[in-house]
**Q** 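Input: one structure, supplied below.
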Amino acid sequence: MITVQHLTKTFVSSDGKQLQVLKDVNCHIDKGEVISIIGPSGTGKSTFLRTLNLLEFPTSGEIIVNGKNILSKNYPLNKLREKMGMVFQSFNLFEHLSVLDNVTLAPMKLHGLSRLQAEKEGIEYLRKVGLAEKLSAMPSQLSGGQKQRVAIARTLAMHPDIILFDEPTSALDPTMVGEVQGVIQSLAQEKMTMLIVTHEMKFAREVSSRIFFMYNGGIYEDGTPEQIFGNPQKTETRNFVHLIRKLIFDIENKDFDFYDMTSQIKQFCIRYAMPERMNPITHVVEEMLMLLSKYENPIHIEITYSELDYSSMIVFVHKGETISPLERNDADELSVLIIRGMSKEIQTQQTADGVQLTFFME
Amino acid sequence: MNTIIKEQNGELIAIFDGRLDTAAAVQTEKDLAPLANCAGKNIVLDCNALDYISSSGLRLFLTILKNAKVQGSKVFIAGMNNDIRNVFSMTGFTQLFEFR
């Protein structure tokens, strides 16, 4: 249905600075798929969606829709947008038109439907989104959730082949998110092809047949919800879906600021509401540094905390080394006992950078 | 980290306040120097206000214990938070000291 190849988009600011938002996006979307696009803010999710229906014109690449390159000069843009509906975060209803008129306007203007026919269909679509009784209301009389459902009915009235949702629930009060998600879920059950940019992970997991995890201007990982949320293959995906927060130290020499390090660990633990882990984490870090103080090699430390399952761990990489400092014959016994005592589990592995120890904390 | 030494009822009392980590150990070792000449007086390590102890701190405690034994003195530990109790337990220090 849609194939995207080597898509890029670069914005140029008024002072001439270039910002490449989409770096190399490649994907294929089949009819009936429901794809949620997730990822950190500023990674190009909404821009990608807007390039698909050419609200943003790509800088380079190809978008093939039903076998035709929509970036070719003669491609009829209006036809594209009729077949590719879009639902925006901010609803974009005509405030001076009633609910029904918002839904019937485009079918009458663009499809040439009579008012009678357009209203008959429009009422059906409003019924589908649960708002048939509001057909005479003005948008200002509706809640945010109701406005978004009208926007969905308006899109459906154009009989689109695919609907693009750009953060459809981000502007809503939490109490109204469910009613909009419910409508999208019912469309998914009817096999409507949809691309949904969302920050609602639970919803993405439940509604989607596939997930695109976007990172750094590209589709970094693509898989089923079970794969992306249950067994992500790549580090950044894992960090994102597990809501992992990190504190990183790179120690190049022995003159590093130990006071600053312990202060940062304290702040990190307090920020993520785990003050009780401050001492265990500091014990492991301090005793590891004691063991490694005999060596000159750089040390990389990552303290991570998952806001999803509340787990925390410490990763130590002793660069250029192959032997775990815990296994050395001359390792200080007191340090080793404290490290082992404070950790629930310790994993050791050899990486390209050096020996890596991962301490899973209680 | 603050360490105060005082003599009370014939005992030498070291009062610790703060975090006894690697960074604090050098100064704390100097502060504890008066305990070296305990000459049969018992020593109390008051840990009521001690928040944290690392292996560097444990080594200082061990040195005090060894020296006291030679001079016929006993070393008691008073007041420990859960974290310090854990560290003592996992390193076997619970068996080395007497507690008040």
**Q** Only one of A:His318, A:Arg328, A:Lys319, A:Glu321 clears side-chain hydrogen bond (donor to acceptor under 3.5 Å, both in side chains) with A:Tyr295; which?
**A**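 That would be A:Arg328.
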**Q** Of all residues at least two apart in sequence or in a different chain, which pass the salt bridge (charged side-chain N to carboxylate O under 4.0 Å, His left out) check with A:Glu226?
**A**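 For A:Glu226 there are no salt bridge (charged side-chain N to carboxylate O under 4.0 Å, His left out) partners, ignoring immediate neighbours.
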**Q** Does B:Arg19 count as lying over the ring of B:Tyr52, i.e. NZ or CZ under 6.0 Å from the six-ring centre, within 45 degrees of the axis?
**A**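 Output yes; distance and angle both within limits.
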**Q** Give, as side chain, backbone, both or neither, the part of B:Asp51 having an atom under 4.5 angstrom from any heavy atom of chain A.
**A**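 For B:Asp51, the backbone is the part near chain A, not the side chain.
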**Q** Please rank B:Val87, B:Asp21, B:Asn86 by heavy-atom pairs under 4.5 Å with chain A and give me the top one.
**A**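 Sorted descending by pairs with chain A, the first entry is B:Asp21.
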**Q** Side chain, backbone, both or neither: which part of A:Met261 has a heavy atom under 4.5 Å from chain B?
**A**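 Nothing of A:Met261, per the 4.5 Å heavy-atom cut-off to chain B.
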**Q** Under 30°, 30 to 60°, or over 60°: which ring-plane class applies to A:Tyr215 and A:Phe213, parallel, tilted or perpendicular?
**A**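 Plane angle under 30°, so parallel.
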**Q** Let's test your reading of the structure: which of B:Asn82, B:Asp83, B:Thr91, B:Leu58 forms the most heavy-atom pairs below 4.5 Å with chain A?
**A**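 Max contact count across the listed options: B:Asp83.
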**Q** Given that the side chain runs from C-beta out, which part of B:Leu62 has a heavy atom under 4.5 Å from chain A: side chain, backbone, both or neither?
**A**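 Interface part for B:Leu62: neither.
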**Q** Mind checking whether B:Phe99 and B:Phe88 have parallel, tilted or perpendicular rings, split at 30° and 60°?
**A**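 Rings of B:Phe99 and B:Phe88: perpendicular, as their planes differ by over 60°.
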